[in-house]
Amino acid sequence: MAHVVSSLDQPSNYKDSQARLDRQRQSELLDKSTTLYVGNLSFYTTEEQIYEVFTKCTSPDDGGGIKRIIMGLDRNSRTPCGFCFVEYYTHAEALASMRYVSGTKLDERIIRCDLDLGYKEGRQFGRGKSGGQVRDEHRQDYDPGRGGWGAQAQRLEIERRREVEERYADAQDGPGAVASGGGDWKQSESNAPEENKLKRGRSPDDDGDNDAARTATRSRVEEEEAERL
């Protein structure tokens, strides 16, 4: 089964793309490395949580332990962006962490660990165009632990919304646009005198018409009484 299951205490093919070293020199450094690269972290995982997990593989009685933890940061916002470096005092501790911690869950995420050539100032910042990690630049899935959608997908959505807003603004200002008013007549009606809002008043002509109608009715009643007599 040795050829089927890869050894967990051996580094993967991961190499720092910016390291100006050949493969042989990198392998020599990894054989002595005391630094781990930790990836697939949640943006909300704290340094204290990382220390608690990775300190389980230390041996303080033998002069070991965690030397320091360097959190990976977004280059623009200076907020955590999903990776870190853990420096130990001994190579054996780094190997033990890669064997027992890599592939376990932290903040409900399966983290991965790998031996690193060694931390240098500036490597704590993401290398993606948006400031974060490159893997989050083109990611198409929604990952709430790593900022939601990928940076490229977020930029496309922002551009789409801007285009929709611009088209809407052009449609309102261009020829054939529907007037957006309609409130002037309501305002004029509300400012009209109170008597104008009531029903139309009675005119003298209305009174004359009513008197003539009453006279005609009285004459018809008198004629009907005369016929009965």
Undergrad: For residues 87-108, pull every pair meeting ring-ring contact (aromatic ring centres under 6.0 Å, His included), keeping only residues two or more places apart or in separate chains.
TA: none
Undergrad: So does Gln24 get a backbone contact from the side chain of Gln26, meaning a donor-acceptor N/O pair under 3.5 Å?
TA: no
Undergrad: Check whether Asn76 reaches the backbone of Ser130 with its side chain - one donor and one acceptor, N or O, closer than 3.5 Å.
TA: yes
Undergrad: So does Ala94 get a backbone contact from the side chain of Arg99, meaning a donor-acceptor N/O pair under 3.5 Å?
TA: no
Undergrad: List for me each residue that meets salt bridge (Lys or Arg N to Asp or Glu O under 4.0 Å) alongside Asp141, sequence neighbours excluded, and say none if there are none.
TA: Arg139
Undergrad: Output all residues satisfying ring-ring contact (aromatic ring centres under 6.0 Å, His included) with Tyr119, sequence neighbours left out; order by chain, then residue number.
TA: Phe85
Undergrad: For the side chain of Asp62 and the backbone of Gly64, is there at least one donor-acceptor N/O pair under 3.5 Å apart?
TA: no
Undergrad: Which one of Asp107, Val86, Ile66 satisfies the side-chain contact (heavy atoms from CB on, under 4.5 Å) criterion with Ile50?
TA: Val86
Undergrad: Would you sort out whether Leu41 and Leu106 count as a side chain to side chain contact (heavy atoms under 4.5 Å, CB included), showing the intermediate values?
TA: CA-CA 8 Å; Leu41 292 172; Leu106 177 59; 4.0 Å; yes
Undergrad: Indicate whether any N or O donor in one side chain lies under 3.5 Å from an N or O acceptor in the other, for Thr35 and Ser33.
TA: no
Undergrad: Looking at every heavy atom in both Pro80 and Leu73, which two are closest together, and how far apart are they?
TA: N-CD2, 4.0 Å
Undergrad: Step by step, work out the side chain to side chain contact (heavy atoms under 4.5 Å, CB included) result for Val164 and Arg160.
TA: CA-CA 6 Å; Val164 171; Arg160 187 191 67 81; 4.2 Å; yes
Undergrad: Report yes or no: do Val101 and Leu95 belong to one cluster of Ile/Leu/Val/Met/Phe/Trp/Tyr joined by side chain heavy-atom distances under 4.5 Å?
TA: yes
Undergrad: Okay, side chain of Arg75, backbone of Gly128: is any donor-acceptor separation there less than 3.5 Å?
TA: yes
Undergrad: Which pairs pass salt bridge (charged side-chain N to carboxylate O under 4.0 Å, His left out) with one or both residues in residues 51-61, sequence neighbours excluded?
TA: none
Undergrad: Group every Ile, Leu, Val, Met, Phe, Trp and Tyr by side-chain heavy-atom contacts under 4.5 Å, then state whether Phe43 and Trp149 land in the same group.
TA: no
Undergrad: Keeping the roles fixed (side chain from Gln49, backbone from Thr46), state whether a donor-acceptor pair exists under 3.5 Å.
TA: yes
Undergrad: Could you walk me through whether Lys105 and Ile111 pass the side chain to side chain contact (heavy atoms under 4.5 Å, CB included) check?
TA: CA-CA 6 Å; Lys105 276 190 174 184; Ile111 60 175; over 6 Å; no
Undergrad: Determine which pairs satisfy ring-ring contact (aromatic ring centres under 6.0 Å, His included) with at least one residue from residues 44-65, sequence neighbours left out, and list them in order.
TA: none
Undergrad: Could you state the interatomic distance from OG (Ser42) to CD (Glu108), rounded to the nearest 0.5 Å?
TA: 10.5 Å
Undergrad: Does Leu115 form a side chain to side chain contact (heavy atoms under 4.5 Å, CB included) with Leu36? I'd like the steps, not just the answer.
TA: CA-CA 5 Å; Leu115 286 179; Leu36 280 182; 3.9 Å; yes
Undergrad: Are Tyr37 and Ile70 connected in a single hydrophobic cluster, I mean Ile/Leu/Val/Met/Phe/Trp/Tyr linked by side-chain heavy atoms less than 4.5 Å apart?
TA: yes
Undergrad: For Asn40, does its backbone N or O pair with a side-chain atom of Arg109 as donor and acceptor, under 3.5 Å?
TA: yes
Undergrad: Per the salt bridge (charged side-chain N to carboxylate O under 4.0 Å, His left out) rule, what does the pair list look like for residues 84-95, sequence neighbours excluded?
TA: Arg68-Glu87
